[in-house]
There are 2 protein chains.
Amino acid sequence: MGSTPTRERILDAALDLFGARGVDAVSLDDIASVVGVRKQSLLYWFASKAELVNAVLDRAAFELVAVMDAAIRASGPDPLDRIDSIVCAVFRPVVRRPTLLGLIREVGRLDPHHVRHLAERLAPHITDARSYLEQQMACGSLRMGDPGLIAAMVYATVTGIGTDRQLLDTVGWVPDAAGLRQLRDQLRAFLRAALAP
Amino acid sequence: MGSTPTRERILDAALDLFGARGVDAVSLDDIASVVGVRKQSLLYWFASKAELVNAVLDRAAFELVAVMDAAIRASGPDPLDRIDSIVCAVFRPVVRRPTLLGLIREVGRLDPHHVRHLAERLAPHITDARSYLEQQMACGSLRMGDPGLIAAMVYATVTGIGTDRQLLDTVGWVPDAAGLRQLRDQLRAFLRAALAP
DNA sequence: GCAGGCGCCTACCAACCGGTAGATACGTGC
DNA sequence: GCACGTATCTACCGGTTGGTAGGCGCCTGC
């Protein structure tokens, strides 16, 4: 069928399904039928469902971190502008693929083993972000506060907006081009106001 | 066993389990074993799992709305103070029972039928909140912006912080008494800054 | 030209899922 | 005492789950 290797197509399909419906609600058969193979072919590439979950989680986190790193390197020195450009950079893949964040948000439900695995993967980036915020607060470029909790709240806001499409529906938002632009700009303004000194 | 009627104990246990692990990942046997009865006794009180889900969702939404309504009635006229007191009021039950918000957040994953049911239940409160925000923006008491999206972002922030305990762990937060106070105050400051004109 | 590995398959299995059928224990009114 | 409604139980069913055992075709190296 597709020229992309089976293993990659499995990871793609699993990311979408896990993110949309939750890991436990998705069976190996579901994933296999999307990919176009039999369940046993999944178990050929991944020894168990748990291993597949880990691989999907790993890739999702890697993609997100890569996008954010690129945005950081491309942005100027001002922390508000930097956060702004991170949000814009993350916004595109998240909107195009709402399941990406949905999966990561589901981590809390999974085995502690998966959680630990992902936490180790992201730990250095988190400490980096925290010390960066701390430093910018100290020199007056950001509102004072606990850098860890501030980061968590920004993350919670972006993740919630990016994943809870149902939430946006209930407040009358429509996902056309204009709506997307409006959502992105409102999100930027919200975070800018929340973080400004 | 307990003096509380079986039906209530079922709803309690189901709320905790659904919120913690997700609806699909929790079996009727899981709930029954927590309650201390057999699965068939659940099906005596609720005709099906779907009906149980609906009842749990209904009660969770009702509890939250009641808490928020009480906070609104007890607060002064200034919108920032009002939102402040809502956050404080919601904070207590959410922290004591993180599964409460977790369940509501899971709605997006459930059947459209459940979603519609809950949306109808909450619709009047949402429109109320939106028109209130609109009015306060018009008279300069709140930062200008799309009231629906602003409300959604506040909700996303609070919900994310209230449910993703894993997220708070990774930024080094500890859930003792001092940590709770700190978290609540940081959240209040964050939202106040984000909404102030 | 054939041995061997690779990718995927069919055919199963034990465990578990939500749900049904029917029996049992326990009041309560008549 | 006995019929009736309530609340719970045991026993079971069809379907689905994650996972195993083993075979089939195809390419490649020798």
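Below, read A as the first sequence line, B as the second, and so on, with proteins coming before strands; counting in each chain starts at 1. None of these values were measured; they are calculated from a predicted model.
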Between the protein and nucleotides 23-25 of chain C, are there any N/O to N/O pairs under 3.5 Å, and if so, what are the atom names and distances?
none

Answer yes when A/Arg59 and A/Asp12 have at least one side-chain N-carboxylate O distance shorter than 4.0 Å, and no when they do not. yes
Rounded distance (Å) that lies between atom P of C/dC17 and atom CG of B/Leu17: 12 Å
Is the phosphate of C/dC17 approached by B/Ser27 (side-chain N or O, under 4.0 Å from OP1 or OP2)? yes
OP1, OP2 of D/dT8 versus side-chain N and O of B/Tyr44: anything below 4.0 Å? no
Rounded distance (nearest 0.5 Å) linking atom CD1 of A/Ile83 with atom CG of A/Leu142: 5.5 Å
Within the structure provided, determine whether B/Leu28 and B/Leu52 are in side-chain contact (heavy-atom separation under 4.5 Å). yes
Got a sec, which residues hit salt bridge (charged side-chain N to carboxylate O under 4.0 Å, His left out) with B/Asp69, two or more places apart in sequence or on another chain? none
Tell me every residue that passes salt bridge (charged side-chain N to carboxylate O under 4.0 Å, His left out) with A/Asp58, counting only those two or more places apart in sequence or in another chain. A/Arg121
Short side-chain N/O contact from B/Ser41 to OP1 or OP2 of D/dA7, under 4.0 Å: no
For B/Arg38, is the CZ atom crowded, meaning more than 12 foreign heavy atoms sit under 6.0 Å from it? no
Report the residues that fulfil salt bridge (charged side-chain N to carboxylate O under 4.0 Å, His left out) with B/Asp81, sequence neighbours left out, ordered by chain and then residue number. B/Arg192
What integer distance in Å separates B/Leu52:CG from C/dC17:C1'? 15 Å
Without decimals, in angstroms, what is the distance between A/Phe18 CZ and D/dG18 C1'? 12 Å
Sequence neighbours excluded, the answer for side chain to side chain contact (heavy atoms under 4.5 Å, CB included) partners of B/Ala50 is B/Ser48, B/His114
What is the separation between atom CZ on B/Arg38 and atom P on D/dC9, rounded to the nearest whole Å? 6 Å
Each nucleotide in nucleotides 19-28 of chain D should get exactly one letter: B, S or -. Can you fill that in based on protein heavy atoms under 4.0 Å? BB--------
D/dT8, OP1 or OP2 - any side-chain N/O from B/Trp45 closer than 4.0 Å? yes
If I compare all heavy atoms of A/Leu118 with all of A/Ala61, which pair ends up nearest, and what's the gap? CD1-CB, 3.6 Å
Looking at A/Thr6, does any N or O in its side chain come under 4.0 Å of the phosphate oxygens OP1/OP2 on C/dC8? yes
With DNA chain C as reference, determine whether A/Arg7 or B/Asp24 sits nearer its 5' end, using the nearest nucleotide of each. A/Arg7
